[in-house]
Amino acid sequence: MAAWDDEWKSIQQRIRDDRKQAEHFLLCYRQELAQYQQEKDQKTRDWLKAVEMVTDRVSGQKADFLRLRREAWRKHFYYRGKETWVPYVQQRYRNIQAEAGGRRAALAGERTLRLWWRELVSDVANVHIRIKNK
């Protein structure tokens, strides 16, 4: 075991924690904004700023995806302890794309949706780190 293994584990844990926080703030943006307006907590402000910076630059497709992902989370899409947001988002995303294009749109794959989610979470976490370390 190398001398820096403990430090490595600590860093990996902080990365996981940052991603969990990023996911929370992406999903609960409105609730956290309302709470921030009452409490004015600097830590919350930094997370909200990171979410805003990322989501303001998201493309049309990813903006639709994020809206649907938040909707799925608000509706608590879990079944027997398993996340079921993907099928919900797939169906609703397909409908939105069909309405916009006037024809039946292709189903967004599970890998694509999970990739988009990981990218958004990672981007928010990375932006937050830069804001925090200014």
Side-chain angles (χ1 to χ4, degrees):
M1 193 185 257
W4 55 82
D5 281 351
D6 288 339
E7 185 176 4
W8 173 256
K9 288 177 185 176
S10 174
I11 290 169
Q12 290 300 307
Q13 184 60 47
R14 285 185 295 195
I15 289 170
R16 282 190 295 277
D17 292 345
D18 282 347
R19 288 189 178 147
K20 283 183 183 181
Q21 283 287 101
E23 184 171 20
H24 169 78
F25 278 92
L26 270 168
L27 291 173
C28 304
Y29 175 79
R30 279 193 260 159
Q31 297 91 322
E32 290 293 341
L33 180 60
Q35 184 176 346
Y36 168 73
Q37 290 170 342
Q38 293 175 0
E39 298 175 8
K40 304 290 186 199
D41 177 48
Q42 180 66 35
K43 180 181 161 197
T44 301
R45 181 184 160 279
D46 290 347
W47 276 110
L48 293 172
K49 184 176 179 181
V51 169
E52 290 167 3
M53 291 175 79
V54 171
T55 58
D56 285 351
R57 288 159 181 80
V58 171
S59 69
Q61 287 182 324
K62 276 193 180 177
D64 289 340
F65 162 74
L66 180 58
R67 184 176 54 77
L68 294 172
R69 177 66 177 94
R70 285 172 170 164
E71 186 179 300
W73 181 82
R74 281 193 307 275
K75 292 183 179 201
H76 304 288
F77 272 82
Y78 288 89
Y79 180 72
R80 295 184 183 175
K82 182 179 177 184
E83 279 189 340
T84 58
W85 66 266
V86 172
Y88 176 84
V89 171
Q90 282 177 318
Q91 185 60 44
R92 298 275 291 129
Y93 185 79
R94 177 186 237 175
N95 293 343
I96 287 171
Q97 295 301 314
E99 290 169 11
R103 55 188 170 85
R104 189 141 174 96
L107 186 69
E110 179 176 348
R111 285 182 183 173
T112 299
L113 297 179
R114 289 190 183 277
L115 174 65
W116 285 357
W117 184 243
R118 281 192 308 270
E119 287 173 350
L120 285 168
V121 168
S122 181
D123 289 350
V124 169
N126 289 333
V127 168
H128 177 259
I129 289 168
R130 291 341 179 259
I131 290 170
K132 190 170 69 172
N133 293 332
K134 248 178 154 179

> Are Val86 and Gln90 close enough, and set up right, to give a side chain to side chain contact (heavy atoms under 4.5 Å, CB included), and what steps lead you there?
Replying inline: CA-CA 6 Å; Val86 172; Gln90 282 177 318; 3.9 Å; yes

>> Are Trp47 and Ile129 connected into the same hydrophobic cluster when the rule is that any two of I, L, V, M, F, W, Y join if their side-chain heavy atoms are below 4.5 Å apart?
In response: no

> Looking only at heavy atoms, which two atoms of Ala125 and Asp18 are closest? And how far apart?
Replying inline: CB-O, 4.1 Å

> If you measure from NZ on Lys75 to OG1 on Thr84, what distance do you get to the nearest 0.5 Å?
Replying inline: 12.0 Å

> Are there more than 12 heavy atoms of other residues, nucleotides or ligands under 6.0 Å from atom CZ of Arg19?
Replying inline: no

>> Assess, by modelled atom type and distance only, whether the side chains of Asn95 and Glu99 contain a donor and an acceptor separated by less than 3.5 Å.
In response: no

>> Are Leu26 and Val54 packed together at the side-chain level, in the sense that at least one heavy-atom pair is separated by less than 4.5 angstrom?
In response: no

>> Parallel, tilted or perpendicular: which one describes the rings of Trp117 and Phe65, with boundaries at 30° and 60°?
In response: perpendicular

> Would a 4.5 Å heavy-atom cut-off, applied to side chains only, mark Arg16 and Gln21 as touching?
Replying inline: no

>> What's the separation between atom OG in Ser122 and atom CD1 in Ile15, rounded to the nearest 0.5 Å?
In response: 9.5 Å

> Would Glu23 and Arg69 pass as an ion pair if we require N to O under 4.0 Å?
Replying inline: yes

> In Å, rounded to the nearest 0.5 Å, how long is the span from CD of Glu119 to CG of Asp123?
Replying inline: 7.0 Å

> Out of Ile131, Thr44, Val127, which one pairs with Lys49 under the side-chain contact (heavy atoms from CB on, under 4.5 Å) rule?
Replying inline: Ile131

> Is Arg114 salt-bridged to Glu110, going by a charged N under 4.0 Å from an acidic O?
Replying inline: yes

> When clusters are formed by joining ILVMFWY residues with side-chain heavy atoms under 4.5 Å apart, either directly or through shared neighbours, do Tyr36 and Met53 land in the same one?
Replying inline: yes

>> Can you tell me which residue among Leu33, Asp56, Val124, Leu27 is in a side-chain contact (heavy atoms from CB on, under 4.5 Å) with Val51?
In response: Val124

> Do Arg92 and Glu71 have side-chain heavy atoms sitting under 4.5 Å apart?
Replying inline: yes

> When you measure from the side chain of Glu32 to the backbone N and O of Phe25, does any donor-acceptor pair fall under 3.5 Å?
Replying inline: no

> Hey, mind stepping through Trp116 and Thr112 against side chain to side chain contact (heavy atoms under 4.5 Å, CB included) and telling me if it holds?
Replying inline: CA-CA 6 Å; Trp116 285 357; Thr112 299; 3.6 Å; yes

>> I'd like to know whether Lys132 forms a side chain to side chain contact (heavy atoms under 4.5 Å, CB included) with Lys43, so could you lay out the CA-CA distance, the side-chain angles of the two residues, the decisive distance to 0.1 Å, and finally the verdict.
In response: CA-CA 9 Å; Lys132 190 170 69 172; Lys43 180 181 161 197; over 6 Å; no

>> Within a 6.0 Å radius of atom CD on Gln12, are there more than 12 heavy atoms belonging to other residues, nucleotides or ligands?
In response: yes

>> Under the criterion side chain to side chain contact (heavy atoms under 4.5 Å, CB included), I'd like the reasoning laid out for Thr55 against Tyr29: C-alpha separation, chi angles, the key distance, then a yes or no.
In response: CA-CA 11 Å; Thr55 58; Tyr29 175 79; over 6 Å; no

